[in-house]
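Worksheet for the structure shown next.
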Amino acid sequence: MPQAYRYAAYLAPTGPWRDLGRTWLGRCEETGQRIARGRDDDPRLDAWTDAPRHYGLHATLKPPFRLRAGTTVRALDAAMRTVARTQSPFSVTLTLRALRGFLAWCLTDNATDHARIRALADRTVRDLDAYRAPPTAAELARRHPARLTPAQQQMLAQWGYPYVFDTYTFHITLTGQLGDTELRHAQELLTARAGDALAGSMPVQAISLYVQPAADTPFIVARHYGFDGTTVDAAGACYLQDDAP
């Protein structure tokens, strides 16, 4: 198996957020397999969820990057283990919101939740940056830098992504960009499906490495790294072998 095209450090949702999120997107991020929603499902869902389905259910910590020349996948794997082992489990409360034109589960206004997630994201971005190849001109252009704020432009130039550190917002993406009417309909539908299942808090006990096997192919989970030092492999674990043929 060759090296993956890109890697990304994500937070994989757990519990009912994972179960509902997978069904909503229509794809399992662990296996890469499509999830059948049933004949009576809303026909608009596939179009609404096309973009996030490509990346798999997740919240971004360090966004997708190509591996820097001279580094190895084994070293990246070791760095993920180190970041995870320095963390302590916590939980966060989430709410469904419209964010920059798409639907997402976001943090509530709990200041402690924001501080804990921000510390985890900051550590992940910083400690894995030695493994990130600089973005190409085409990759930078896709971020539409002229539309970004000065702070976002600075983050893009330094870290290859406009939404990190002071510009970071935790979110679990559930739709692509939608018009106001479609966004409202999607929010109503997902709220009805959730019912009381998402009333509690979501545990955060691991970070995860997702891989994109080849350009334009969907992302899949490679490995989950528990804060207790344990790991759990998924379908993409074969891309974590430097000596793969």
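Residues Trp105 and Met202 fail the side-chain proximity criterion, which asks for heavy atoms closer than 4.5 Å. In this structure, Leu156 and Gln153 have side chains that are not in contact, with every pair of non-hydrogen atoms separated by 4.5 Å or more. Taking the side chain as every heavy atom from C-beta outward, Leu107 and Thr169 never approach each other to under 4.5 Å. Counting heavy atoms from C-beta outward, Thr173 and Tyr55 have side chains that stay 4.5 Å or more apart. Counting only heavy atoms from C-beta outward, the side chains of His185 and Arg44 approach each other to under 4.5 Å. Residues Phe227 and Ile207 meet the side-chain proximity criterion, which asks for heavy atoms closer than 4.5 Å. Counting heavy atoms from C-beta outward, Tyr225 and Arg85 have side chains that stay 4.5 Å or more apart. Ile220 has its side chain within reach of Val211: a pair of non-hydrogen atoms, C-beta onward, lies under 4.5 Å apart.
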Check the pair Leu174, Leu57 against side chain to side chain contact (heavy atoms under 4.5 Å, CB included), reporting the backbone distance first and the verdict last.
CA-CA 8 Å; Leu174 297 165; Leu57 186 69; 4.2 Å; yes

Determine whether Tyr5 and Asp216 satisfy the following criterion, side-chain hydrogen bond (donor to acceptor under 3.5 Å, both in side chains), listing intermediate values before the conclusion.
CA-CA 9 Å; Tyr5 177 65; Asp216 300 324; over 6 Å; no

Asp127 vs Thr82, test: side chain to side chain contact (heavy atoms under 4.5 Å, CB included). Steps then yes/no.
CA-CA 9 Å; Asp127 285 14; Thr82 298; 5.8 Å; no

Tell me, with the steps shown, if Leu67 and Val73 meet side chain to side chain contact (heavy atoms under 4.5 Å, CB included).
CA-CA 8 Å; Leu67 202 63; Val73 178; 3.7 Å; yes

Does Arg223 form a side chain to side chain contact (heavy atoms under 4.5 Å, CB included) with Asp77? I'd like the steps, not just the answer.
CA-CA 9 Å; Arg223 182 167 290 157; Asp77 175 66; 2.8 Å; yes

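For the atom pair Thr86 OG1 and Arg123 CZ, the distance stands at 3.5 Å (nearest 0.5 Å). To the nearest 0.5 Å, atoms CD (Glu182) and CG (Leu189) are separated by 12.5 Å. Between atom CZ of residue Phe65 and atom CH2 of residue Trp159 there is a gap of 12.5 Å, rounded to the nearest 0.5 Å. Ile117 CD1 to Phe170 CZ: the interatomic distance, rounded to the nearest 0.5 Å, is 4.5 Å. One finds the CG atom of Leu120 at 5.0 Å from the CD atom of Gln87 (value rounded to the nearest 0.5 Å). Trp24 CH2 to Ile35 CD1: the interatomic distance, rounded to the nearest 0.5 Å, is 14.0 Å.
If you chain together hydrophobic residues whose side chains sit under 4.5 Å apart, Tyr131 and Val125 never meet in one group. Note: the hydrophobic cluster containing Trp17 also contains Val92 (ILVMFWY, side chain heavy atoms under 4.5 Å, direct or indirect links). A continuous path of hydrophobic side-chain contacts links Ile172 to Leu45 [ILVMFWY only; heavy atoms under 4.5 Å]. Both Leu240 and Leu76 belong to a common hydrophobic cluster when Ile, Leu, Val, Met, Phe, Trp and Tyr are linked at side-chain heavy-atom distances under 4.5 angstrom. Val221 and Leu25 fall into different hydrophobic clusters, where Ile, Leu, Val, Met, Phe, Trp and Tyr residues are linked whenever their side-chain heavy atoms come under 4.5 Å apart, directly or through other members.
Although no hydrogens or angles enter the test, the distance criterion places a donor-acceptor pair under 3.5 Å between the side chain of Thr167 and the main chain of Pro162. Checked by atom type and distance alone, the side chain of Thr60 never pairs as donor or acceptor with a backbone atom of Pro63 at under 3.5 Å. At least one donor-acceptor pair closer than 3.5 Å links the side chain of Thr175 to the backbone N or O of Leu103. His224 places no side-chain N or O within donor-acceptor distance of the main-chain N or O of Leu209, the cut-off being under 3.5 Å. Side chain of Thr191 to backbone of Glu188: no donor-acceptor contact under 3.5 angstrom is found. With hydrogens and angles disregarded, a donor-acceptor distance shorter than 3.5 Å links the side chain of Asp113 to the backbone of Thr93. Formation of a donor-acceptor pair under 3.5 Å by the Arg53 side chain with backbone atoms of Asp46 is found in this model. Judged by distance alone, the side chain of Arg97 and the main-chain N or O of Ala104 form no donor-acceptor pair under 3.5 Å. Judged by distance alone, the side chain of Arg68 and the main-chain N or O of Arg132 form a donor-acceptor pair under 3.5 Å.
Using a 4.0 Å cut-off between a side-chain N of Lys or Arg and a carboxylate O of Asp or Glu, Arg118 and Asp122 qualify as a salt bridge.
A cation-pi arrangement is present between Arg100 and Tyr163 under the rule of less than 6.0 angstrom and at most 45 degrees off the ring axis.
Taking both residues in full, the closest heavy atoms of Pro52 and Gly176 are given as CD-N, 3.7 Å, listed atom of the first, atom of the second, then distance. Of all non-hydrogen atoms in Arg116 and Ser91, the two that sit nearest each other are NH1-O, 4.3 Å. Between Thr217 and His54, the shortest heavy-atom distance links the atoms O-CE1, 3.2 Å. What you find for Pro135 and Leu140 is that their closest heavy atoms are CG-CD2, 3.6 Å. For the pair Asp228 and Thr230, the tightest heavy-atom approach, listed with the atom from each and the gap, is OD1-OG1, 2.7 Å. Heavy atoms only, all atoms of each residue included: Arg27 and Pro218 are closest at NH2-CB, 3.2 Å.
Surrounding CZ of Arg147 are at most 12 heavy atoms belonging to other residues, nucleotides or ligands under 6.0 Å away.
Ring geometry, Tyr10 versus Tyr210: the interplanar angle exceeds 60°, so the pair is classed perpendicular (tilted spans 30 to 60°).
Aromatic pair His58/Phe219: ring centres not closer than 6.0 Å.
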